[in-house]
There are 2 protein chains.
Amino acid sequence: MSASIKNINDIIHGRLRLGVMAYLSTASPVSFPELLKVTEATNGNLSTHLTKLETAGFIHQEKGYKGKRPQTLVHLTDEGRSAWIEYLKAMRLMLDI
Amino acid sequence: MSASIKNINDIIHGRLRLGVMAYLSTASPVSFPELLKVTEATNGNLSTHLTKLETAGFIHQEKGYKGKRPQTLVHLTDEGRSAWIEYLKAMRLMLDI
DNA sequence: ATTTTTAGTTTGTTTTTCAAACTAGTTTGC
DNA sequence: GCAAACTAGTTTGAAAAACAAACTAAAAAT
């Protein structure tokens, strides 16, 4: 079947996580606050979904400091980039675009 | 923001419902059993999601008979087609494809 | 006539999503 | 210098969604 939903990665497909991945695919690393802005998510929600993406191995959260303030930099991993490319392929097929 | 996840219709975006809508966009009406086959969903799951799509006004379930057996034909509504087109637009933008 | 198959729906559990509340430290205003 | 407000997140509990097992109901097959 050409339009198989089986090939859609559910970790990436979730609405907020999709936004994060799409953004990271063009800009990585990105700070937590910047992701907050572009996704318009709440802190808690973003935090949870980043954890999920990290557990899946698609991103890495680098905990550091910017001056004296803590700052988390979110990196797209190689695995994440591969998964993203696969996701795009699957969606193109499914959506016929 | 160009890649806003806000524009992604959540009713359509759900994995199984996305499969249903994608299929219906190229073939409507379609019988319940055929949808079962192409989506590889369980009956209960498909039934639930069709109800959700119908409540949203995106499909219509025509309950009729094929010979003596009951047969549900699932139609994409005009509203459903519009929503699908919007969804495609939003995804193209988001995925940059 | 009993078993199997078709065509679904209902229901209860599991998973996911979400945002309010919380922690911890920093900067700013008085 | 200290109280208030802000930054940067995490934890947690409630609500929603997903899922499949169990059920209903009728037809077809044996």
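Just so you know, these numbers use all the heavy atoms, side chains as well, and skip hydrogens, waters and symmetry mates. Chain letters run A, B, ... following the sequence lines, proteins first, then strands; residues in each count from 1.
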B:D78 CG: over 12 foreign heavy atoms closer than 6.0 Å: no

Take the protein atom CD of B:Q71 and the nucleotide atom P of D:dA26, then report the distance between them rounded to whole Å. 18 Å

Measuring from the side chain of B:K52 (C-beta onward, heavy atoms only), which nucleotide among D:dA20, D:dA17, C:dT9 has the closest atom? D:dA17

Roughly how many Å is it from CG in B:N43 to P in D:dT24, rounded to a whole number? 16 Å

For B:H49 and C:dG8, give me the distance from atom NE2 to atom P, rounded to whole Å. 17 Å

Rounding to an integer number of Å, can you tell me how far B:L36 CG sits from C:dG8 C1'? 9 Å

So what does B:T51 hit on the nucleic acid, given a heavy-atom distance under 4.0 Å: a base, only sugar-phosphate, or nothing? nothing

If you measure only the distance, is there a donor-acceptor pair under 3.5 Å linking the side chains of A:H13 and A:N9? no

A:T72 side chain to A:K63 main-chain N or O, any donor-acceptor pair under 3.5 Å? no

Phosphate OP1/OP2 of C:dG8: any B:S47 side-chain N/O under 4.0 Å: no

DNA chain D: B:D10 or A:K66, which has the more 5' nearest nucleotide? A:K66

Select from A:R15 and B:P70 the residue whose nearest nucleotide in DNA chain C is closer to the 5' end of that strand. B:P70

Which nucleotide wins on minimum distance to the side chain of B:F32, given the candidates C:dT17, D:dA17, C:dT9? C:dT9

Smallest heavy-atom separation, B:M21 atom then B:G80 atom, equals CE-O, 3.6 Å

Checking C:dA7, D:dC19, D:dT11 against the side chain of B:T48 (C-beta onward), the nearest is D:dC19

Under 4.0 angstrom between B:T42 side-chain N/O and D:dC19 OP1 or OP2: no

Roughly how many Å is it from OH in B:Y65 to C1' in C:dT6, rounded to a whole number? 13 Å

B:N45 CG to C:dT13 P: how many Å, rounded? 17 Å

Minimum-distance nucleotide (side-chain atoms of B:K63 versus D:dG9, C:dA19, C:dG8): C:dG8

SB check A:K89 A:E86 (cutoff 4.0 Å): yes

Please state how far atom NZ in A:K37 lies from atom P in D:dG9, giving the value in whole angstrom units. 13 Å

Given atom CZ of A:R17 and atom C1' of C:dC18, what is their separation to the nearest angstrom? 12 Å

